[in-house]
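Sequence lines set the chain letters: A, B, ... in the order given, protein chains first and strands last, and positions in each chain run from 1. This is a predicted model, so every value here is computed, not measured. Heavy atoms only: backbone and side chains are in, while hydrogens, waters and symmetry mates are out.
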Protein chains: 4
Amino acid sequence: MESSTTHSDNTRHRGNRHGRSEEARQAVLEAADDLLAERGFAGVTMEGIAARAGVAKQTIYRWWPSKVDVLLEAFTEDMAEHLTPEDLGDLGADLRVHLARLADFLTESDPGAVFRALTGQAQHDPQLAARLRDDHLSHQRTRDALPLRRAIARGDLPADLDVDTALDHLVGPIHYRVLVTGAPVPREFTDDLVAAFLDRHRAGPR
Amino acid sequence: MESSTTHSDNTRHRGNRHGRSEEARQAVLEAADDLLAERGFAGVTMEGIAARAGVAKQTIYRWWPSKVDVLLEAFTEDMAEHLTPEDLGDLGADLRVHLARLADFLTESDPGAVFRALTGQAQHDPQLAARLRDDHLSHQRTRDALPLRRAIARGDLPADLDVDTALDHLVGPIHYRVLVTGAPVPREFTDDLVAAFLDRHRAGPR
Amino acid sequence: MESSTTHSDNTRHRGNRHGRSEEARQAVLEAADDLLAERGFAGVTMEGIAARAGVAKQTIYRWWPSKVDVLLEAFTEDMAEHLTPEDLGDLGADLRVHLARLADFLTESDPGAVFRALTGQAQHDPQLAARLRDDHLSHQRTRDALPLRRAIARGDLPADLDVDTALDHLVGPIHYRVLVTGAPVPREFTDDLVAAFLDRHRAGPR
Amino acid sequence: MESSTTHSDNTRHRGNRHGRSEEARQAVLEAADDLLAERGFAGVTMEGIAARAGVAKQTIYRWWPSKVDVLLEAFTEDMAEHLTPEDLGDLGADLRVHLARLADFLTESDPGAVFRALTGQAQHDPQLAARLRDDHLSHQRTRDALPLRRAIARGDLPADLDVDTALDHLVGPIHYRVLVTGAPVPREFTDDLVAAFLDRHRAGPR
DNA sequence: CATTAAGCGAGACGGTACGTCTAGTCTTATG
DNA sequence: CATAAGACTAGACGTACCGTCTCGCTTAATG
């Protein structure tokens with residue numbers, strides 16, 4: 001939350017040679033988030049963000065190339081702490097909790113809505129798609145994989161498990177419902193995904 | 001002015017008391033398709049379609065409410081015959097072939113690109129999402145389900161199988177790769193999906 | 001005042017394939033005039049004209065390249081009938097009346113204010129200067145010369161009079177006061193200009 | 001870095017408690033002049049001057065209220081020595097030389113171009129008009145009047161001559177050509193103005 | 001000789017207007 | 001009566017300057 005200003009007094013600067021105004025930055029990110037929530041992606045415009053944030057358009061263009069960059073930063077800031085799976089010491093429990101939280105994040109939360117919008121826009125914009133993958137998705141997949149890696153370390157899963165493919169089987173159907181069919185993603189659905197995964201990979205060898 | 005219309009009368013009407021011009025309709029659909037292929041979704045504009053099709057904007061608005069409707073109709077027309085699973089008499093074979101064709105359709109084909117664009121846009125537009133589901137997705141899911149229903153009829157799958165959930169497990173990871181991670185979807189991946197499904201549901205009765 | 005529409009009913013069209021909207025044209029010209037009168041040249045902006053005229057900016061740009069073109073057209077329309085010297089049959093009387101009216105036009109009238117603004121702007125813009133000269137000034141000088149030409153025809157002035165130079169002597173000091181010194185241009189001043197001219201050119205030969 | 005500062009200390013201060021930086025002042029004036037010459041009045045912007053002069057915008061605003069003030073100062077500095085009529089002891093000769101130099105100044109010189117631009121801008125800005133009159137024009141008119149006043153003192157012109165009006169007759173047509181018609185102002189034209197003046201005012205007493 | 005205060009370059013800020021683009025509506029003449 | 005043509009209102013786009021505001025540096029007179 002502490003921007004890279006050199007001084008550390010309580011007086012908030014409003015933009016000068018030390019760098020940008022943290023105040024303006026926050027106002028822009030919040031305005032973008034609010035507009036997305038209230039009016040949808042098409043309702044997020046540079047003019048709208050500027051007006052709502054009480055900021056000049058040029059200030060937005062100075063720091064963000066486009067409105068998706070604003071949303072991307074807002075998104076990154078919002079989630080950060082979210083969606084890191086707990087370590088309950090049990091693969092099944094870890095996965096059940098994590099997938100349920102993932103489903104909830106994607107379908108219910110505000111940052112989840114931003115994610116859906118950005119993923120939608122990424123279908124039209126390969127550069128955005130790449131940025132989403134590099135800046136966000138790769139980290140999330142690393143977090144998603146934690147329960148599997150811990151289970152492998154414990155010997156609860158075979159050491160040669162194809163983790164990437166396993167993740168796709170686990171989270172793919174959730175994203176599919178969210179992005180394509182629009183069907184709800186209840187706890188039974190995520191639990192069943194975990195059950196299918198455990199059936200195959202843990203029951204087999206034992 | 002000579003477009004590839006399907007009918008072959010020598011007298012081409014251009015819109016009059018006989019009803020709408022098939023010529024104009026085809027020109028619009030093709031122009032929209034071409035623009036999507038050449039310049040991406042943002043490059044598809046009503047003005048652009050009209051200019052390219054040699055058609056007045058009003059003519060487009062008369063028959064289609066928005067540009068996504070044009071794309072939707074072009075898409076529907078294009079796919080129709082695609083993606084109806086064959087009946088080889090064997091569940092595993094049916095699914096393997098079908099999922100491989102689905103993956104190929106989504107990642108390689110022109111209508112697949114339209115589908116990705118429309119699904120992307122549907123994230124911003126709930127009405128489009130509903131229309132996509134009603135006009136297209138529901139039919140596709142019915143087709144996707146055919147191998148499962150045949151297997152149930154044959155007794156190769158339990159009668160109480162939750163077909164919807166099963167479909168989500170089968171096609172969800174494919175869509176996830178296509179829409180989210182951008183990873184390729186090779187034959188091994190789709191075959192593995194089928195293997196996981198068969199392990200779980202056919203091994204049981206054995 | 002009758003624009004070049006082909007039909008002649010009383011129904012005012014609002015822009016279609018027959019051509020532009022006369023309604024919009026008039027609204028733009030009036031708005032520009034009003035703004036110049038109320039807020040000065042800097043207060044005349046494309047956005048301001050559009051807002052005041054209840055017209056889209058694009059409509060202005062469609063027909064006029066810049067705000068000075070709008071003012072130029074407004075000016076041309078406004079003056080037309082003005083400043084054609086009467087024929088009283090007497091050189092002195094003709095000139096005295098005409099110069100007095102010219103002075104009044106330049107210092108008091110609304111179109112005179114537009115003329116001053118345009119002439120001011122022409123100092124920054126050679127193209128505007130050329131257009132002002134070609135479209136307006138040359139015609140005005142032809143009108144200004146009428147009394148002289150009639151006097152020559154009557155034999156009241158020598159046939160070899162340098163009319164251009166004579167005009168400069170007559171109207172130059174008036175413009176100088178208006179544009180440079182800002183001094184008032186009373187009737188005595190214009191009458192004196194005429195007296196000086198007559199002293200030299202008519203009194204001499206006789 | 002070597003600018004033409006008037007003081008000649010070896011240590012050039014760059015602005016401190018002793019007062020403003022002469023270096024910065026000169027750089028600003030030169031930059032404004034250069035921009036006017038190269039890009040016209042519209043090309044003279046505060047940002048442009050600052051960038052070209054290597055000076056902060058604030059420094060300009062600290063000393064000049066607007067860009068026309070910068071130009072006005074540059075202009076005043078440039079002309080000063082120009083356009084003071086010589087005393088040849090003969091009214092006709094004095095006037096002929098002076099008007100020719102005036103015409104040349106207005107049409108050919110760099111400061112003449114600045115004068116035209118400022119006079120143009122003054123049509124849009126009454127405050128600038130007043131300042132131009134007070135700071136510059138009044139002095140110039142005093143200088144212009146010198147030959148007349150000397151002739152009056154010598155008895156070559158009537159003591160009750162209306163000097164102001166006489167000046168308007170002499171220099172008005174020149175300014176009119178420069179500012180309005182754009183016609184050239186050759187020596188014959190200025191000589192003829194003098195001839196007309198002498199005819200009227202010197203011939204009388206004869 | 002350290003302090004202090006003014007001028008400086010730098011540059012971010014809230015704004016306004018620019019000129020362009022596309023959306024979606026409307027009107028008319030043609031076939 | 002559907003069409004091509006195209007003018008219309010509306011509003012977002014991204015850019016250029018405006019004039020204001022810190023900020024940290026430099027510098028010379030003051031204490």
Chemist: One pair to check against side-chain contact (heavy atoms from CB on, under 4.5 Å): A:Asp110 and A:Val114. What are the steps and the verdict?
Modeler: CA-CA 7 Å; A:Asp110 274 2; A:Val114 179; 5.8 Å; no

Chemist: Send over the distance from A:Glu23 CD to E:dG14 C1', rounded to a whole Å.
Modeler: 12 Å

Chemist: Which residue pairs pass the salt bridge (charged side-chain N to carboxylate O under 4.0 Å, His left out) test with at least one member in residues 57-68 of chain B, sequence neighbours excluded?
Modeler: B:Glu47-B:Lys57

Chemist: If you look only at pairs with a residue in residues 116-126 of chain B, which of them pass as a side chain to side chain donor-acceptor pair (under 3.5 Å), with sequence neighbours excluded?
Modeler: none

Chemist: side-chain contact (heavy atoms from CB on, under 4.5 Å), that's the test. Do C:Leu132 and C:Leu72 meet it? Break it down for me.
Modeler: CA-CA 8 Å; C:Leu132 256 184; C:Leu72 201 51; 3.7 Å; yes

Chemist: Take atom CE of D:Met46 and atom P of E:dA10, then tell me their distance rounded to the nearest Å.
Modeler: 17 Å

Chemist: Kindly state which residues belonging to residues 50-65 of chain A come within less than 4.0 angstrom of DNA chain E, counting heavy atoms of the residue only, listed by number.
Modeler: A:Gly54, A:Val55, A:Ala56, A:Gln58, A:Thr59, A:Arg62, A:Trp63

Chemist: Between B:Arg25 and D:Gly48, which residue's closest nucleotide on DNA chain F lies nearer the 5′ terminus?
Modeler: B:Arg25

Chemist: Of all residues at least two apart in sequence or in a different chain, which pass the side chain to side chain donor-acceptor pair (under 3.5 Å) check with A:Arg39?
Modeler: none

Chemist: Find the distance C:Arg39:CZ to E:dT16:C1' and express it as a whole number of Å.
Modeler: 12 Å

Chemist: Taking atom C1' of F:dT15 as reference, at what distance in whole Å does atom CD of C:Glu47 sit?
Modeler: 13 Å

Chemist: Where does DNA chain F pair, written as one dot-bracket string 5' to 3', with Watson-Crick or G-U pairs under 3.5 Å, ( ) inside the strand, [ ] for crossing pairs and | for another strand?
Modeler: |||||||||||||||||||||||||||||||

Chemist: Using side chain to side chain donor-acceptor pair (under 3.5 Å) as the criterion, list what pairs up with D:Ser66, not counting sequence neighbours.
Modeler: D:Asp69

Chemist: Run the salt-bridge test on C:Glu30 and C:Arg52 with the 4.0 Å N-O cut-off and return the result as yes or no.
Modeler: no

Chemist: Does atom CD of A:Gln127 have more than 12 heavy-atom neighbours, drawn from other residues, nucleotides or ligands, at distances under 6.0 Å?
Modeler: no

